[in-house]
**Q** 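Attaching a single structure in structure tokens format; questions to follow.
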Amino acid sequence: VVVYQKDGGAKFMRPIHNREEYLSRRNTIWQRQVLKAVRQGKEEQKSQLIQMNYSCLPNEDGALKGSKRMSSSVGMDIDHIAADEMEAVKERILAKKEELGLLMLELSARGAGYHLVFKRKPELTQEENLKWASEVLGVEFDKAAKDITRVFFTTTEEDLLYLDDEVFVIEKANTD
């Protein structure tokens with residue numbers, strides 16, 4: 001789900017239904033320029049990157065804030081990985097893609113971590129899903145990124161390491 005702002009900065013969401021649109025948003029000249037600036041240390045520009053949410057569905061009016069509607073996937077942020085560990089962590093994630101139900105893996109905006117999306121275990125809460133995946137992978141998730149409304153600053157297609165088209169199947173998690 002892509003996140004956008006309107007009404008004086010309030011965040012709203014809408015689904016992206018296919019790979020073509022998803023990649024076209026990631027591949028704009030603007031996106032590339034902003035990402036390059038962020039990676040050169042201009043942290044204040046990070047908020048100009050395209051934002052995505054993978055853990056919730058929008059409220060009836062399309063708003064992100066206050067959403068309680070969990071989606072069938074979970075977005076996970078893994079930060080502050082030592083440079084010499086990045087490749088090993090990536091390989092571990094990809095090796096466990098079936099067990100996780102991996103839907104997407106990308107290098108983070110700063111380039112020192114990963115964002116991943118996996119299939120939600122509906123019997124678990126958001127935080128329990130994150131803890132489960134963390135244990136499967138042997139990595140810590142960003143504890144500040146455990147709310148279902150958490151947005152991810154998206155990178156470019158070159159930083160997209162894995163993408164399953166099932167990530168575009170937008171549905172509510174069956175938590176009954």
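Computed from heavy atoms alone, side chains included, the values below leave out hydrogens, waters and symmetry copies.
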**Q** Under the side-chain contact (heavy atoms from CB on, under 4.5 Å) criterion, do Arg110 and Glu43 qualify, and how do the steps go?
**A** CA-CA 8 Å; Arg110 289 189 200 106; Glu43 182 73 19; 2.8 Å; yes
**Q** Please verify the inter-ring angle class for Phe168 with Tyr22; under 30° counts as parallel, over 60° as perpendicular, anything in between as tilted.
**A** perpendicular
**Q** Restricting to non-hydrogen atoms, name the atom on Glu99 and the atom on Trp132 that form the minimum distance, rounded to 0.1 Å.
**A** O-CH2, 3.5 Å
**Q** Rounded to the nearest 0.5 Å, what's the gap from OG1 on Thr149 to CG on Leu64? Could you check?
**A** 5.0 Å
**Q** Just how far is it from atom CD of Glu140 to atom CG of Asp142, taken to the nearest 0.5 Å?
**A** 10.5 Å
**Q** Taking all non-hydrogen atoms of both residues, which atom of Leu107 and which atom of Arg39 are closest, and how far apart?
**A** CD2-NH2, 3.6 Å
**Q** What about Leu161 and Ile78, same hydrophobic cluster or not, with Ile/Leu/Val/Met/Phe/Trp/Tyr joined at side-chain heavy-atom distances under 4.5 Å?
**A** yes
**Q** Quick check on side-chain contact (heavy atoms from CB on, under 4.5 Å): which of Val1, Val117, Asn53 does Ser73 satisfy it with?
**A** Val117
**Q** Does atom CD (Glu98) have a neighbourhood of more than 12 heavy atoms from anything else shown, all under 6.0 Å?
**A** no
**Q** Using every non-hydrogen atom in the two residues, find where Glu21 and Ser24 come nearest and quote the distance to one decimal.
**A** O-OG, 2.9 Å
**Q** Are Lys143 and Phe141 in a cation-pi contact, defined as NZ or CZ under 6.0 Å from the six-membered ring centre and within 45° of the axis?
**A** yes
**Q** If two hydrophobic side chains count as joined below 4.5 Å and joins carry through other members, does Tyr4 share a cluster with Leu49?
**A** no
**Q** Between Lys131 and Glu135, is the closest basic N to carboxylate O distance under 4.0 Å?
**A** no
**Q** Does one hydrophobic cluster hold both Phe12 and Phe153, with members joined at side-chain heavy-atom distances below 4.5 Å?
**A** no
**Q** For the atom pair CD (Glu157) and CD (Gln31), what is the distance rounded to the nearest 0.5 Å?
**A** 12.0 Å
**Q** Test side-chain contact (heavy atoms from CB on, under 4.5 Å) on Ile16 and Val167 and set out the steps.
**A** CA-CA 9 Å; Ile16 291 181; Val167 78; over 6 Å; no
**Q** One thing to verify: whether Arg26 and Glu106 come together as a salt bridge, which I'm taking to mean a side-chain N less than 4.0 angstrom from a carboxylate O.
**A** yes
**Q** Quick one: CZ on Arg14 to CG on Leu57, what's the gap to the nearest 0.5 Å?
**A** 14.5 Å
**Q** In terms of hydrophobic clusters joined by side-chain contacts under 4.5 Å, are Leu35 and Leu105 together?
**A** no
**Q** Nearest heavy-atom pair of Ile81 and Tyr114: which atoms, and what distance?
**A** CD1-CD1, 3.7 Å
**Q** Taking Thr155's backbone N and O only, do any of them form a donor-acceptor pair with Asp159's side chain (distance below 3.5 Å, no angle check)?
**A** no
**Q** Quick one about Gln126 and Arg150 (side-chain donor to acceptor, distance below 3.5 Å, no hydrogens or angles considered), yes or no?
**A** no
**Q** How far does CG of Asn129 sit from CD1 of Ile148, to the nearest 0.5 angstrom?
**A** 11.5 Å
**Q** Test Arg32 against Glu158 for salt bridge (charged side-chain N to carboxylate O under 4.0 Å, His left out), laying out the working first.
**A** CA-CA 10 Å; Arg32 292 176 185 283; Glu158 290 77 19; 2.8 Å; yes
**Q** Would you check, one step at a time, whether the test side-chain contact (heavy atoms from CB on, under 4.5 Å) holds for Met13 with Cys56?
**A** CA-CA 10 Å; Met13 303 164 42; Cys56 74; 3.9 Å; yes
**Q** Below 30° counts as parallel, above 60° as perpendicular, anything between as tilted: where do the rings of Phe152 and Tyr54 land?
**A** tilted
**Q** Any side-chain donor-acceptor pair under 3.5 Å between Thr154 and Arg25?
**A** no
**Q** Verify, without hydrogens or angle tests, whether Ser55 (side chain) and Val74 (backbone) share a donor-acceptor contact under 3.5 angstrom.
**A** no
**Q** Checking side-chain contact (heavy atoms from CB on, under 4.5 Å) for the pair Glu60/Arg69: CA distance, chi angles, key distance, verdict?
**A** CA-CA 10 Å; Glu60 294 300 322; Arg69 300 172 60 213; 4.1 Å; yes
**Q** For salt bridge (charged side-chain N to carboxylate O under 4.0 Å, His left out), just list the numbers for Lys146 and Glu127, CA-CA rounded to whole Å, side-chain angles, deciding distance to a tenth of an Å, and then say yes or no.
**A** CA-CA 6 Å; Lys146 61 186 178 189; Glu127 190 169 2; 3.7 Å; yes
**Q** Give the cluster check for Ile29 versus Leu23: same hydrophobic cluster or not, with ILVMFWY residues linked at side-chain heavy-atom distances below 4.5 Å.
**A** no
**Q** Counting only N and O atoms by type, is there a donor-acceptor contact under 3.5 Å from the side chain of Asn59 to the main-chain atoms of Gly62?
**A** no
**Q** If I compare all heavy atoms of Leu137 with all of Ile93, which pair ends up nearest, and what's the gap?
**A** CD2-CA, 3.7 Å
**Q** Count the heavy atoms belonging to other residues, nucleotides or ligands that lie under 6.0 Å from CD of Glu20, then report whether that count exceeds 12.
**A** no
**Q** The test is salt bridge (charged side-chain N to carboxylate O under 4.0 Å, His left out); show your working for Glu166 and Lys97 and say whether it passes.
**A** CA-CA 13 Å; Glu166 195 173 332; Lys97 71 182 180 185; over 6 Å; no
**Q** Can a salt bridge be assigned to the pair Lys119 and Asp164 using a cut-off of 4.0 Å between side-chain N and carboxylate O?
**A** no
**Q** What are the two closest heavy atoms between Ala37 and Gln45, and how far apart are they?
**A** CB-OE1, 3.3 Å
**Q** Taking the side chain as C-beta and beyond, is there a heavy-atom pair between Ile50 and Met52 under 4.5 Å?
**A** yes
**Q** Just wondering, do Met76 and His115 contact through their side chains at under 4.5 Å, heavy atoms?
**A** no
**Q** Out of curiosity, Ser47 OG to Gln5 CD, how far, rounded to the nearest 0.5 Å?
**A** 8.0 Å
